[in-house]
Amino acid sequence: MSAEAYRSREDDAAGGRIHVRIANTGDAPVAVTSVALDSPGFEAAPATRREVELGPGNRIDVEVEYGPVRCDTPSEPAYALIGVADRDGSPVRVPLAAPYDVLGRIHDSDCAAQDLARAVPVTLIPAAAPPEPTAPLPAQLVVSRERRRVTSGWTRSAAASCMRCTAHCPPPCGRARTG
């Protein structure tokens, strides 16, 4: 059997899932019962139940969830865990091909989103519902910044939208700034 990961537009919109294309490369039919992702870069997610008999040379695409990202671990090597009816209950572990670095790109994107959320927390505060059901729902978007020291010596001020030099710093963007 072979397995290949890909991401469709629907996967992008829904988030948290990919498609795994499973092909029966053997000479006998295989009764598939489930499919799951096994990657060190993501926490385990429940297997997708899919009961289908794949004849030799046949293939099927299955939506598979992936768990929260583990940013301290790479996404490879990855495997498809394929449940097969005539086995002892343990899934077949098939190397998962990932053309276009699908898992690596998802992993990097999810880790970048976590980093951004830690650095710049964003909160959406909904207001009272309008009297008309078709009217826009008002809300307040709050973007917070922490006071932190950057390695170059520049400090971000929570009250200001600019950076202020607290030590001998090179001028940003070719302009001299004084603190």
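Across every non-hydrogen atom of Pro91 and Gly83, the tightest pair is CB-N, 4.1 Å. Taking all atoms of both residues into account, the shortest heavy-atom contact from Arg70 to Ala44 is NH2-N, 4.3 Å. For the residue pair Val20 and Val64, the shortest heavy atom distance occurs at CG2-CG2, 3.7 Å. In terms of heavy-atom proximity, Gly26 sits nearest to Pro56 at O-CB, 3.3 Å.
The OG atom of Ser8 sits 7.0 Å away from the CD atom of Glu63 when rounded to the nearest 0.5 Å. The distance from atom CZ of Arg50 to atom CD1 of Ile22, rounded to the nearest 0.5 Å, is 8.5 Å. The OH atom of Tyr6 lies 3.5 Å from the CG atom of Asp61; values are rounded to the nearest 0.5 Å. Leu103 contributes atom CG, which lies 5.5 Å from atom OG of Ser39 (distance to the nearest 0.5 angstrom). Interatomic distance, NE2 of His19 versus CZ of Arg7, reported as 11.5 Å (0.5 Å rounding).
Using a 4.0 Å cut-off between a side-chain N of Lys or Arg and a carboxylate O of Asp or Glu, Arg118 and Asp115 qualify as a salt bridge. Ion pairing between a basic and an acidic side chain is recognised when a charged N comes within 4.0 Å of a carboxylate O; Glu65 and Arg17 show no such pairing.
Both Val84 and Leu96 belong to a common hydrophobic cluster when Ile, Leu, Val, Met, Phe, Trp and Tyr are linked at side-chain heavy-atom distances under 4.5 angstrom. In the hydrophobic clustering of ILVMFWY residues, with side-chain heavy atoms under 4.5 Å counting as a link, Met1 and Ile60 come out together. One hydrophobic cluster, built from ILVMFWY side chains closer than 4.5 Å, holds both Val92 and Val35. Put simply, Val30 and Leu81 are part of two different groups of oily side chains (I, L, V, M, F, W, Y) that touch within less than 4.5 Å, one to the next.
Proximity of a side-chain donor or acceptor of Thr33 to a complementary backbone N or O of Ala85 within less than 3.5 Å is not detected. Distance alone, capped at 3.5 Å, places no donor-acceptor pair between the Thr48 side chain and the Ser34 backbone. Of the possible donor and acceptor atoms, none in the side chain of His107 sits under 3.5 Å from a partner among the backbone N and O of Glu76. Judged by distance alone, the side chain of Asn24 and the main-chain N or O of Ala28 form a donor-acceptor pair under 3.5 Å.
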Item to check | Worked verdict on Phe42 versus Ser75 for side-chain contact (heavy atoms from CB on, under 4.5 Å) | outcome: CA-CA 7 Å; Phe42 298 93; Ser75 60; 4.1 Å; yes
Item to check | Worked verdict on Tyr66 versus Ile106 for side-chain contact (heavy atoms from CB on, under 4.5 Å) | outcome: CA-CA 10 Å; Tyr66 58 87; Ile106 293 169; 3.3 Å; yes
